[in-house]
Amino acid sequence: MSKPVPADFWAQPVVPLARALIGVTLLVDGVGGIITETEAYDFDEPASHAFGGPRGRNLVMFGPVGHAYVYKIYGIHWCLNFVGGDHPGSAVLIRALEPTQGVDTMIARRGLTDPRTLCSGPGKLAQALAIDHALNGAPLDRPPFQLFLGDTHDIVVGPRIGITKAADLPWRFGLGGSRYWSRAFPKDG
DNA sequence: CCGCTGATAATCT
DNA sequence: GATTATCAGCGGA
């Protein structure tokens, strides 16, 4: 039996938070699965939307922790983040999950049948879970969101994907051995 | 499995 | 006008 994530879960520093989110079960209207890949974005590093202070689309990142930050990227895809950390302006990008609940619904939304590719990337995950701007700023402790703690897992670490600034920070986390990643992690040294 | 390319629009310079 | 926390489709290894 899984337990909901506690309210103080979101207040830990954002990098450990991104790590702790691996293995958590995320459901949106009952559809979702086990988070397998996350990335931390801190308030004072240039890859973060919060860099430079609160303005425009990043305002939710400076709001209360434990809320969703949803934005559109490349004019096409939505990306889901969880606001958290010990300083305003930090958030965790949810990059991938292992589908466990509502798989048929995800298949219908994505138009694909391969469970490996249903949620293996932030844009794909948003499409499969029907995430869009309507959920920007929504609290994570009530419907349509449900979040449950998972078991402890082996965690793999690597540099974040798709960014050009602060690209060396090892702030990407994955569920060790999972088949549900957006991309492989660099081999451990 | 990996890399390349076009799509497409809000945000930034 | 350039950039962007991406993806599907394609071709090659």
Side-chain angles (χ1 to χ4, degrees), chain A residues 10 13-19 21-22 26 28 35-63 65 67-85 87-99 106-138 140 156-175 177-188:
Chain A
W10 307 108
V14 69
V15 174
L17 174 62
R19 187 175 175 53
L21 278 165
I22 299 298
L26 163 66
V28 180
I35 295 173
T36 59
E37 185 183 340
T38 64
E39 285 178 358
Y41 286 87
D42 210 353
F43 72 100
D44 65 347
E45 45 95 6
S48 172
H49 289 170
F51 187 67
R55 51 178 201 284
R57 69 174 169 184
N58 73 17
L59 288 177
V60 168
M61 294 181 76
F62 290 88
V65 299
H67 288 237
Y69 165 49
V70 180
Y71 68 93
K72 203 177 203 182
I73 188 62
Y74 294 100
I76 305 173
H77 307 288
W78 296 100
C79 291
L80 173 66
N81 298 251
F82 294 161
V83 177
H87 188 290
S90 305
V92 177
L93 172 66
I94 309 303
R95 289 193 56 90
L97 61 75
E98 173 179 345
M106 290 190 242
I107 288 173
R109 289 170 177 162
R110 295 270 297 120
L112 300 170
T113 59
D114 181 3
R116 283 255 289 149
T117 61
L118 284 179
C119 298
S120 59
K124 303 178 194 177
L125 185 154
Q127 185 182 22
L129 272 56
I131 303 282
D132 66 13
H133 186 70
L135 289 175
N136 189 37
L140 300 173
V156 290
V157 183
R160 296 176 293 182
I161 289 182
I163 59 174
T164 57
K165 292 170 258 186
D168 53 323
L169 293 173
W171 285 2
R172 177 183 178 224
F173 300 95
L175 178 57
S178 177
R179 298 166 52 237
Y180 300 90
W181 291 333
S182 63
R183 297 178 52 176
F185 279 73
K187 182 157 181 163
D188 284 355

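Within every chain, numbering begins at 1; the chains are lettered A, B, ... in the order of the sequence lines, protein sequences first and strands thereafter.
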Using only side-chain N and O atoms of [X], determine if any of them is under 4.0 Å from OP1 or OP2 of [N].
X      : N     : result
A:T164 : C:dT4 : yes
A:K72  : B:dT8 : no
A:R95  : C:dT6 : yes
A:R183 : B:dG3 : yes
A:H49  : C:dA5 : yes
A:R110 : C:dA8 : yes

Legend entry - Nearest-0.5 Å distance that lies between atom CG in A:L93 and atom CG in A:N81: 5.0 Å
Inset, instruction - To the nearest 0.5 Å, tell me how far A:M106 CE sits from A:T117 OG1. - result: 11.5 Å
Legend entry - Interatomic distance, A:I161 CD1 vs C:dA5 P [rounded to whole Å]: 13 Å
Legend entry - Whole angstrom value for the distance that separates P of C:dT6 from CG of A:L93: 7 Å
Inset, instruction - Report yes or no: is there a donor-acceptor pair, N or O only, under 3.5 Å between the side chain of A:Y71 and the base of C:dA5? - result: yes
Legend entry - Intra- and inter-strand pairs of DNA chain B in dot-bracket (Watson-Crick or G-U wobble, both distances under 3.5 Å; | for another strand): |||||||.||||.
If you look at every strand shown and take non-hydrogen atoms under 4.0 Å, does [X] touch a base, only sugar-phosphate, or nothing?
X      : result
A:R116 : sugar-phosphate
A:S182 : nothing
A:I163 : sugar-phosphate

Report all side-chain donor-acceptor pairs from residues 67-80 of chain A shorter than 3.5 Å, counting only partners two or more places apart or in another chain.
from	atom 1	to	atom 2	distance (Å)
A:H67	ND1	A:G137	O	3.0
A:Y69	OH	A:H49	ND1	2.8

Inset, instruction - Return the stacking result for C:dA5 and A:Y41: yes when the ring centres lie under 5.5 Å apart and the planes under 30°, no otherwise. - result: yes
Legend entry - A:S178 and A:E98: CA distance, side-chain angles, deciding distance, side-chain hydrogen bond (donor to acceptor under 3.5 Å, both in side chains) verdict: CA-CA 8 Å; A:S178 177; A:E98 173 179 345; 4.8 Å; no
Inset, instruction - Would you please name every residue forming a side-chain hydrogen bond (donor to acceptor under 3.5 Å, both in side chains) with A:R160, sequence neighbours left out? - result: A:E45
Legend entry - Aromatic ring pairing A:H87/A:F43, orientation class (parallel under 30°, perpendicular over 60°, tilted between): parallel
